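Notes for the one structure printed next.
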Amino acid sequence: MEPNLHEFSDGTVLAEKLADQVAHRLAAAVEARGEASLAVSGGSTPKRFFRAIANRDIDWAKVTVTLVDERFVPADHPRSNHLLVRENLLQGKAAAARFIPLYHDRPSVEEAARVATAAANTITPPFDVVILGMGGDGHTASFFPHGSTLNQALDAAGPRSVLPMEADGAEEPRLTFSFSSLTDAGMLVLHIEGQSKKDVLAKAQEGTNETEMPIRAVLHRASSPVDIYWAP
Ligand SMILES: O=C1O[C@H](COP(=O)(O)O)[C@@H](O)[C@H](O)[C@H]1O
């Protein structure tokens with residue numbers, strides 16, 4: 001299934017349009033099932049989207065928010081994705097949402113991943129909405145090139161779980177939802193900005209080696225259609 005590319009004039013317009021689509025999907029899930037789930041990425045790209053969606057009129061008390069991946073750092077650390085989400089998404093109306101963190105204060109990232117998996121299992125699968133990002137090295141979530149648990153993480157037949165991940169491209173150990181947890185979402189978005197990321201995307205679409213560019217797994221074999229949101 002070829003991804004659908006949605007291009008916007010700038011990042012602010014993209015953030016508003018994406019917030020509209022995500023809000024619509026979450027509201028429909030709340031209407032249909034009485035609950036909804038949203039898994040978001042960290043990094044620098046999603047901040048405008050977080051601020052745009054935070055005040056959308058949804059019954060946020062029925063929405064569970066989590067992260068597709070996290071750095072193994074406490075929630076007050078400047079590199080924490082939880083901190084980013086708390087300061088930008090879980091504000092205004094969205095402050096009523098339930099948040100499930102991936103970081104847990106345990107002696108090792110492996111133990112934290114086990115606790116995170118148990119907590120994540122309280123979310124009814126599949127996720128209603130997953131928003132992925134992409135690094136300049138072709139990683140997405142914390143599926144890093146040559147990552148320590150990459151084969152396990154990218155196994156489409158693997159369990160829904162949170163895995164530890166270490167890689168040369170990551171400053172600290174990571175926690176990441178597995179491929180199977182993310183890629184059957186009701187709405188699966190890859191949100192990227194800038195020409196350099198568009199070039200990385202083009203390179204990823206041309207080749208097949210997922211160990212070199214793990215984003216290829218999402219582009220080539222996600223079970224849900226992938227919507228790419230891009231702005232210069
Ligand atoms: O490390 C991470 O990087 C990617 C991309 O981040 P960006 O700063 O280039 O937008 C992100 O998708 C991932 O969640 C994050 O942990």
Side-chain angles (χ1 to χ4, degrees), residues 3 8 10-12 14-15 18 22 38-53 65-75 77-90 99-103 109 112-113 116 120 127 129-150 153-154 162-179 181-183 185 187-201 203-204 210 213-219 222 226-232:
F8 300 88
D10 63 56
T12 303
L14 183 158
L18 181 56
V22 171
L38 167 65
V40 296
S41 292
S44 56
T45 307
K47 197 185 275 190
R48 272 185 293 216
F49 161 68
F50 289 168
R51 291 187 173 173
I53 191 133
V65 177
T66 191
L67 286 155
V68 302
D69 72 317
E70 178 61 286
R71 292 104 194 253
F72 188 51
V73 295
H77 190 283
R79 285 182 51 75
S80 163
N81 286 339
H82 182 172
L83 181 66
L84 177 82
V85 166
R86 194 172 65 207
E87 290 185 340
N88 296 282
L89 199 167
L90 301 173
F99 181 72
I100 306 258
L102 301 191
Y103 173 81
V109 67
F127 287 119
V129 181
V130 167
I131 313 281
L132 295 170
M134 183 184 73
D137 58 356
H139 84 265
T140 189
S142 283
F143 308 147
F144 278 87
H146 305 281
S148 58
T149 62
L150 188 63
L154 292 185
V162 177
L163 294 165
M165 182 73 72
E166 299 196 42
D168 288 345
E171 281 183 41
E172 58 283 290
R174 300 286 188 113
L175 295 144
T176 187
F177 269 103
S178 60
F179 178 85
S181 312
L182 299 172
T183 52
M187 177 180 179
L188 178 58
V189 172
L190 174 61
H191 174 191
I192 52 172
E193 296 188 12
Q195 187 56 47
S196 62
K197 290 221 179 153
K198 202 174 190 191
D199 295 343
V200 173
L201 180 69
K203 187 175 167 199
E210 296 178 0
M213 296 189 83
I215 186 65
R216 285 176 173 145
V218 174
L219 297 173
V226 181
D227 284 298
I228 301 172
Y229 279 64
W230 178 83

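Quick note: numbers below take in every heavy atom, side chains included, and nothing from hydrogens, waters or symmetry partners. Both ligands and their constituent atoms are indexed starting at 1 by order of listing. By convention here, the first residue in the shown sequence is residue 1. Predicted model, so just to flag it, every value in this text is computed and none were measured.
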Does Ser142, backbone or side chain, put an N or O under 3.5 Å from an N or O of ligand 1?
no
Just which atoms of ligand 1 are under 4.0 Å from any heavy atom in Arg174?
1 (O), 2 (C), 15 (C), 16 (O)
With heavy-atom distances below 4.5 Å as the criterion, would you say the side chains of Ile131 and Leu18 are in contact?
yes
Which residues share a ring-ring contact (aromatic ring centres under 6.0 Å, His included) with His191, sequence neighbours left out
none
Closest to atom 6 (O) of ligand 1 among protein heavy atoms sits Gly43 CA, 3.7 Å
Which of the numbered atoms in ligand 1 are below 4.0 angstrom from a heavy atom of Ser44?
7 (P), 8 (O), 10 (O)
Any idea which atoms of ligand 1 are less than 4.0 Å away from a heavy-atom of Thr45?
7 (P), 10 (O)
Can a non-hydrogen atom of Arg71 be found less than 4.0 Å from any atom of ligand 1?
yes
By number and element, which atoms of ligand 1 are closer than 4.0 Å to a non-hydrogen atom of Lys197?
7 (P), 9 (O), 10 (O)
Taking only non-hydrogen atoms of Asn81 and a 4.0 Å limit, the atoms of ligand 1 in range are 16 (O)
Backbone or side chain, does any N or O of Gly42 fall under 3.5 Å from an N or O of ligand 1?
yes
Return yes if some donor-acceptor pair links the side-chain N/O of Thr149 with the main-chain N/O of Pro164 below 3.5 Å, else return no.
yes
Checking the side chain of Ser142 only, and the main-chain atoms of Thr176 only, is there a donor and an acceptor separated by less than 3.5 Å?
no
When you measure from atom 12 (O) of ligand 1 to every protein heavy atom, which one gives the shortest distance, and what is it?
Gly133 CA, 3.3 Å
What atoms of ligand 1 come closer than 4.0 angstrom to any heavy atom of Met134?
5 (C), 9 (O), 12 (O)
With heavy-atom distances below 4.5 Å as the criterion, would you say the side chains of Val73 and Tyr103 are in contact?
no
If you apply the rule side-chain contact (heavy atoms from CB on, under 4.5 Å), what do you find for Glu70 with Ser80, and how did you get there?
CA-CA 7 Å; Glu70 178 61 286; Ser80 163; 3.6 Å; yes
To the nearest 0.5 Å, what is the distance between CD1 (Ile215) and CD (Glu210)?
10.5 Å
Name the option, out of Asp69, Thr176, Leu84, that contains the heavy atom nearest to atom 15 (C) of ligand 1.
Asp69
May I ask you to list the atoms of ligand 1 that are less than 4.0 angstrom from any heavy atom of Ser41?
12 (O), 14 (O)
Where does the angle between the aromatic ring planes of Phe99 and His82 fall among parallel (under 30°), tilted (30 to 60°) and perpendicular (over 60°)?
tilted
Min over His139, His191, Arg79 of heavy-atom distance to atom 2 (C) of ligand 1 lands on His139
Contact summary for Asn81 and Gly42, nearest pair of heavy atoms
OD1-CA, 3.3 Å
